[in-house]
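All remarks here apply to the structure that follows.
Numbers here simply count residues along the sequence, with the first being 1.
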Amino acid sequence: MIIKKIEYHSVHSHMTYDIDEADIIAEFGSMEKFEEHFADESDDFIEFVQDFDYNREDDWFSDRKGGYEVEWSIEE
């Protein structure tokens, strides 16, 4: 018999980018213009940051707090 357990979790993923100001200014012309795009999450901002690597940390808070749903089933 195969028994299947599904856990439904919530996770916050924190992506940290370290982008040199010179690259930002080369793309947007100034830090002020970049901050305008950042505040609006403009397409230009999204496309720009996608070219950079990032460090990722996941916070599985539902696992830490036990606040997740569980579903069991029997597989045929």
Side-chain angles (χ1 to χ4, degrees):
M1 174 183 286
I2 297 174
I3 298 174
K4 183 177 182 180
K5 177 182 178 185
I6 301 172
E7 295 180 356
Y8 298 93
H9 287 276
S10 296
V11 61
H12 287 172
S13 297
H14 303 259
M15 280 73 91
T16 304
Y17 297 80
D18 186 8
I19 302 173
D20 191 271
E21 284 187 26
D23 292 331
I24 293 171
I25 292 169
E27 180 70 23
F28 293 96
S30 69
M31 291 302 294
E32 291 78 17
K33 288 286 187 193
F34 169 76
E35 290 172 7
E36 291 173 13
H37 286 274
F38 175 82
D40 294 338
E41 291 185 42
S42 71
D43 290 341
D44 290 337
F45 166 75
I46 299 299
E47 289 175 18
F48 175 71
V49 296
Q50 288 178 349
D51 290 336
F52 293 90
D53 288 332
Y54 55 86
N55 293 321
R56 180 179 179 145
E57 292 183 37
D58 290 331
D59 178 12
W60 291 84
F61 62 91
S62 59
D63 199 28
R64 284 189 290 113
K65 297 184 180 249
Y68 55 90
E69 299 292 321
V70 176
E71 180 180 304
W72 292 90
S73 63
I74 295 176
E75 301 291 304
E76 296 192 30

Run the side-chain hydrogen bond (donor to acceptor under 3.5 Å, both in side chains) test against Lys5 and tell me which residues pass, sequence neighbours left out. Glu7
Could you list who else is in Val70's hydrophobic cluster, with ILVMFWY side chains joined at under 4.5 Å, directly or through other members? Met1, Ile3, Tyr68, Trp72, Ile74
Other than Tyr8, what residues sit in its cluster of Ile, Leu, Val, Met, Phe, Trp and Tyr side chains whose heavy atoms are under 4.5 Å apart, directly or through others? Ile6
Inspect the surroundings of CZ in Phe38 and state if more than 12 heavy atoms from other residues, nucleotides or ligands are less than 6.0 Å away. no
Distance in Å, Glu35 CD paired with Glu32 CD, rounded so as to fall on 0.5 Å steps: 6.5 Å
For residues 67-76, the salt bridge (Lys or Arg N to Asp or Glu O under 4.0 Å) pairs (sequence neighbours left out) are none
Contacts satisfying side chain to side chain donor-acceptor pair (under 3.5 Å) that involve residues 12-21 (not counting sequence neighbours) are Ser13-Arg56, Ser13-Asp58
Check whether Val11 and Met15 end up in the same hydrophobic cluster, where Ile, Leu, Val, Met, Phe, Trp and Tyr are linked by side-chain heavy atoms less than 4.5 Å apart. no
Are Ile25 and Phe34 packed together at the side-chain level, in the sense that at least one heavy-atom pair is separated by less than 4.5 angstrom? no
Residue set satisfying side-chain hydrogen bond (donor to acceptor under 3.5 Å, both in side chains) with Ser62, at least two apart, ordered chain then number -> His9
Does any pair with a residue in residues 41-54 pass salt bridge (Lys or Arg N to Asp or Glu O under 4.0 Å), and if so which ones, sequence neighbours excluded? none
Describe, in one word, how the ring planes of His37 and Phe28 are oriented to each other, choosing from parallel (under 30°), tilted (30 to 60°) and perpendicular (over 60°). tilted
Mind checking what makes side-chain hydrogen bond (donor to acceptor under 3.5 Å, both in side chains) contact with Asp59, not counting sequence neighbours? Arg64
